*Asks:* 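This is the structure I want to talk about, given as structure tokens.
In what follows, every chain begins at residue 1, and chains take the letters A, B, ... in the order their sequences are listed. Fair warning: this is a prediction, and the values are worked out from it, not measured in the lab.
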Number of protein chains: 2
Amino acid sequence: MAEKQLRRSLAILPMSTVMALTDLSARQIRYYETQALVHPARNEGNRRRYSLNDVDRLLEVKDGLASGMDFATMRHLYAKTHQVESTQLESKRLSDERARHLLEAEMQQLAGMRPPQSGLQQHL
Amino acid sequence: MAEKQLRRSLAILPMSTVMALTDLSARQIRYYETQALVHPARNEGNRRRYSLNDVDRLLEVKDGLASGMDFATMRHLYAKTHQVESTQLESKRLSDERARHLLEAEMQQLAGMRPPQSGLQQHL
DNA sequence: TCTTTCGTGTCATAAGTTCTGACATGAAAG
DNA sequence: CTTTCATGTCAGAACTTATGACACGAAAGA
């Protein structure tokens, strides 16, 4: 469903967190990007911001490498499977408040508005 | 379940992301911390790292303020609803692989629980 | 009305984080 | 033996965040 896709595409994680989550070095992570295996979003200051999709992709790459697969192969393989752009959150907000609101509205539509009112507490 | 609390406690988000997610200023977020309403973890460089629990708490505080509640009240209120300390990723208490899966599951679980008022919120 | 307290904005300064590009290297491939 | 790979590491610049201080309008008290 669109919702899940959306959530997983939110660009919210900085390099340091991704490094911890994947146990890869910044060098490796950037290198995989030059190999077109991941396409993290960027904030206004040009800092990379990763989504959960990105983190998954990196872990797949890591596994692929471990099992002797080469980048070209993985690239082709992923080309078929994935293609959703990561949704930039931070950059749009920081650069233009209005753009951010538009993004929110857009996201709500994509997510298919649901009737809330359910406090979070009760789920905790 | 313990797992749920765990994933919601992973300290993975930097200030900028939290600002975007909550639509609060850094000043506000830090102030609420001085009021003992949130307790973000810190990385090795003393930078704050927020968990999903922290983001939720901030949104609750935001709502509380909007409805005229004061900090002391909220503080007491939250004191009852005990909570777990946020888990620092950097401390490696969790395998990265596991942390990632827990986080992912939590994000999915959180979707659709929040009131529409702030649009973006419900996607996390 | 005068004085505090609150919640935030805004600055300044220091320090942590990330960016890009370049040079280096052991291992594999040719 | 020579390239190509995948990474490490360094440097310098730019971005982000931290803390502390001064300011201020709105509320609350006295």
Side-chain angles (χ1 to χ4, degrees), chain A residues 11-51 54-55 57-76 86 88-95 97, chain B residues 11-51 54-55 57-76 86 88-90:
Chain A
I12 57 178
L13 309 174
M15 179 59 88
S16 57
T17 294
V18 176
M19 286 168 58
L21 250 28
T22 63
D23 197 32
L24 289 171
S25 69
R27 183 70 169 83
Q28 292 176 296
I29 297 172
R30 297 198 195 99
Y31 182 58
Y32 300 161
E33 184 180 338
T34 70
Q35 300 305 303
L37 291 170
V38 248
H39 305 82
R42 298 279 185 141
N43 68 5
E44 277 293 295
N46 196 43
R47 266 52 201 171
R48 274 169 266 251
R49 282 299 176 267
Y50 299 83
S51 66
D54 294 324
V55 173
R57 170 61 57 77
L58 288 170
L59 289 170
E60 290 174 7
V61 171
K62 186 182 178 185
D63 285 355
L65 275 179
S67 49
M69 202 177 299
D70 65 27
F71 289 165
T73 302
M74 291 191 262
R75 199 157 33 228
H76 294 153
S86 87
Q88 294 203 34
L89 172 66
E90 188 173 7
S91 63
K92 292 197 177 185
R93 171 182 182 284
L94 294 178
S95 62
E97 191 68 15
Chain B
I12 57 176
L13 309 174
M15 178 60 88
S16 57
T17 293
V18 175
M19 287 168 63
L21 254 28
T22 62
D23 197 31
L24 289 171
S25 68
R27 183 72 168 80
Q28 291 175 298
I29 296 172
R30 297 197 195 101
Y31 183 58
Y32 300 162
E33 184 179 338
T34 69
Q35 299 306 303
L37 291 170
V38 248
H39 306 81
R42 298 278 183 140
N43 68 7
E44 295 250 328
N46 195 43
R47 266 52 204 170
R48 273 169 265 252
R49 283 298 177 264
Y50 298 83
S51 66
D54 294 323
V55 173
R57 171 59 58 79
L58 287 170
L59 289 169
E60 290 174 6
V61 170
K62 186 181 177 185
D63 286 354
L65 276 179
S67 50
M69 201 178 299
D70 64 28
F71 290 165
T73 303
M74 290 192 263
R75 198 157 33 227
H76 293 154
S86 82
Q88 297 202 43
L89 263 191
E90 266 84 53

*Asks:* If I take atom CD in residue B:E33 and atom P in nucleotide C:dT8, what distance separates them, rounded to the nearest angstrom?
*Replies:* 15 Å
*Asks:* Do B:R57 and B:E60 meet the salt-bridge criterion of a basic N to acidic O distance under 4.0 Å?
*Replies:*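 Result for this pair is yes, salt bridge flagged.
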*Asks:* Would you give a per-nucleotide map of nucleotides 11-22 of chain C, 5' to 3', where B means the base has a protein non-hydrogen atom under 4.0 Å away, S means only the sugar-phosphate does, and - means neither?
*Replies:* ----BSSBSB-B
*Asks:* Side-chain N or O of B:Y31 less than 4.0 angstrom from OP1 or OP2 on C:dT8?
*Replies:*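 It does not, given that no N or O in the side chain of B:Y31 lies less than 4.0 Å from OP1 or OP2 of C:dT8.
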*Asks:* Please state how far atom CG in A:D70 lies from atom P in D:dA6, giving the value in whole angstrom units.
*Replies:*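 That distance rounds to 8 Å.
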*Asks:* Any donor and acceptor pair, going by atom type alone, linking the side chain of B:R47 with main-chain N or O of B:G45 inside 3.5 Å?
*Replies:* yes
*Asks:* Could you tell me whether a side-chain N or O of B:K62 sits under 3.5 Å from a main-chain N or O of B:L24, the two making a donor and an acceptor?
*Replies:* no
*Asks:* Please state how far atom CG in A:L65 lies from atom P in C:dA27, giving the value in whole angstrom units.
*Replies:*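 Spelled out: CG on A:L65 to P on C:dA27 is 17 Å.
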*Asks:* Nearest whole angstrom, please: distance from the C1' of D:dT16 to the CG of B:L13.
*Replies:*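 It is 15 Å, rounded to the nearest whole Å.
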*Asks:* Of A:D54, A:L58, A:D23, which is the lone residue that meets side-chain contact (heavy atoms from CB on, under 4.5 Å) with A:V18?
*Replies:* A:L58
*Asks:* Please determine whether a side-chain nitrogen or oxygen atom of B:Y32 lies at a distance below 4.0 Å from atom OP1 or OP2 of C:dG7.
*Replies:* no
*Asks:* Report yes if a side-chain nitrogen or oxygen of A:Q28 is closer than 4.0 Å to either non-bridging phosphate oxygen (OP1 or OP2) of D:dA6; otherwise report no.
*Replies:*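 False: A:Q28 side-chain N/O out of range (4.0 Å or more) of D:dA6 OP1/OP2.
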*Asks:* When the distance from CZ of B:F71 to C1' of C:dT5 is rounded to whole Å, what number comes out?
*Replies:*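 Whole-Å distance recorded here is 13 Å.
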*Asks:* To the nearest 0.5 Å, what is the distance between OG on B:S51 and CG on B:L13?
*Replies:* 8.0 Å
*Asks:* How many angstroms lie between atom CE of B:M74 and atom CE of B:M69, to the nearest 0.5 angstrom?
*Replies:* 6.5 Å
